[in-house]
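For reference, the structure is listed below as structure tokens.
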Amino acid sequence: MAPSTTVPSASAIEVPETLLKKRKQNEKAREERVAAASAARKASKAKRKVIFKRAESYVKEYLSKEKEEIRLKRTARTAGDFYVPAQPKVYFVVRIRGINEIAPKPRKILQLLRLLQINNGVFVKATRATQQMLRLVEPYITYGEPNLKTVRELIYKRGYGKVDKQRIPLANNSVIENALGKFDILCVEDLVHEIITAGPNFKQASNFLWPFKLSNPTGGWRTRKFKHYVQGGDFGDRENNINKLIRQMN
């Protein structure tokens, strides 16, 4: 009669210590991932609340400013005076001519303004220094004061950010937050507000925005671009009429 053999039960089989360690590590890693995902969801929810509240406050600010301007116009009209609007805080500058026969100084200024191609556009703060620069390159550009609608449409429709010298679309707020979060600019509406109000971090916000690539205006330019705007041409300061041009080029 053959000798009987005993098969050890599953509970009696010893699991190697290395395998036990690996299981513990995997379990710990899984718990950490779950905890991190939960924390990220909470942080994202809190951030959305902050962004929503900011957007609400910006809308109130814009409406209040608009109502105040209407009130001042009515007061001036009632008193028989002329209403003189405040000096512009921001210009939108568009390059309209190439570099043929351009002197070194205007060429350098166009480079500083980042206007390297025809139909490129940038936001600049309206200071005495920038106004002097714009006058020196006036035959090659047109500019004026953009309104809120124009700034918002440009950033939402044509906005790209400069990240590691790359042109990145503003597909979501994280692109903006990663680049400008240290300046408390977290979303597109923060970016719009910083530009339109010429805020304390305007320079960083403007430099983050890649120069806008616009199309030729609908119907083409009015002349061969060799006359000033006030003479029926295209170059120079258009004041508020820049908004109409941008809509034709956007």
Side-chain angles (χ1 to χ4, degrees), residues 54-76 82-96 109-110 112-115 120-138 140-162 170 176 179-180 182-212 214 228-230 235-247 249-250:
R54 284 190 183 186
E56 276 190 328
S57 69
Y58 294 153
V59 169
K60 288 178 182 177
E61 180 184 334
Y62 300 145
L63 287 174
S64 175
K65 184 180 177 184
E66 190 177 332
K67 286 178 181 178
E68 178 63 13
E69 195 158 327
I70 291 170
R71 187 190 68 79
L72 290 172
K73 285 180 181 178
R74 285 175 178 169
T75 303
F82 290 102
Y83 171 70
V84 180
Q87 290 295 313
K89 294 181 179 180
V90 178
Y91 289 129
F92 187 75
V93 187
V94 182
R95 181 166 178 172
I96 63 172
I109 292 172
L110 289 171
L112 289 173
L113 292 171
R114 302 183 297 146
L115 296 173
N120 273 10
V122 294
F123 294 109
V124 298
K125 188 178 279 192
T127 64
R128 182 175 294 180
T130 55
Q131 286 171 342
Q132 289 174 349
M133 289 171 66
L134 294 177
R135 286 195 198 99
L136 288 170
V137 294
E138 208 167 53
Y140 305 94
I141 60 169
T142 189
Y143 62 98
E145 183 182 8
N147 57 29
L148 174 62
K149 182 182 178 184
T150 296
V151 174
R152 183 176 275 133
E153 285 184 354
L154 277 169
I155 293 176
Y156 272 99
K157 288 175 65 176
R158 298 267 187 172
Y160 284 80
K162 184 168 65 177
L170 303 180
I176 298 170
L180 300 172
K182 57 188 172 184
F183 304 110
D184 201 30
I185 300 173
L186 307 177
C187 61
V188 176
E189 284 301 322
D190 284 345
L191 192 56
V192 170
H193 184 263
E194 194 69 23
I195 294 294
I196 195 67
T197 61
N201 299 306
F202 175 89
K203 183 179 179 181
Q204 290 81 0
S206 177
N207 287 340
F208 165 73
L209 286 169
W210 198 277
F212 294 89
L214 304 175
H228 196 285
Y229 180 73
V230 297
F235 76 77
D237 187 1
R238 293 173 180 249
E239 299 180 349
N240 291 329
N241 291 323
I242 191 69
N243 297 291
K244 181 181 177 182
L245 175 67
I246 293 169
R247 280 195 295 274
M249 300 179 74
N250 202 348

What do the steps show when you test Phe208 against Leu191 for side-chain contact (heavy atoms from CB on, under 4.5 Å), and what is the final call?
-> CA-CA 10 Å; Phe208 165 73; Leu191 192 56; 4.3 Å; yes
Audit row: Leu113, Leu134, side-chain contact (heavy atoms from CB on, under 4.5 Å) steps and yes/no | CA-CA 9 Å; Leu113 292 171; Leu134 294 177; 4.1 Å; yes
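Atom CD of Gln87 is surrounded by 12 or fewer heavy atoms from other residues, nucleotides or ligands within 6.0 Å.
Taking 4.5 Å as the limit, some side-chain heavy atom of Asp190 sits within range of a side-chain heavy atom of Tyr58. Inter-residue side-chain proximity for Phe212 and Ile246 is flagged as unmet; no heavy-atom pair is nearer than 4.5 Å. Counting heavy atoms from C-beta outward, Arg54 and Leu186 have side chains that approach closer than 4.5 Å. Here the side chains of Arg71 and Arg74 are not in contact, with every heavy-atom distance at 4.5 Å or above. Counting heavy atoms from C-beta on, the side chains of Val151 and Phe123 come closer than 4.5 Å. Side-chain contact between Leu180 and Gln204 is present, with heavy atoms from C-beta onward closer than 4.5 Å. Between Tyr229 and Glu239 there is no side-chain heavy-atom pair separated by less than 4.5 Å. A heavy-atom distance below 4.5 Å is found between the side chains of Leu115 and Val122.
The two residues Ala205 and Ile185 come nearest to each other via the heavy atoms CB-CD1, 4.2 Å. Contact between Asn240 and Glu145 at its shortest, heavy atoms only, is OD1-OE1, 3.7 Å. Of all heavy-atom pairs spanning Lys125 and Phe202, the tightest one is N-CE2, 3.3 Å. Heavy atoms only, all atoms of each residue included: Asp237 and Glu138 are closest at N-OE2, 4.0 Å.
A salt bridge does not link Glu153 to Arg158: none of the charged side-chain nitrogens sits closer than 4.0 Å to a carboxylate oxygen.
Remark: the backbone N or O of Pro211 is not paired with any side-chain donor or acceptor of Asn120 at under 3.5 angstrom.
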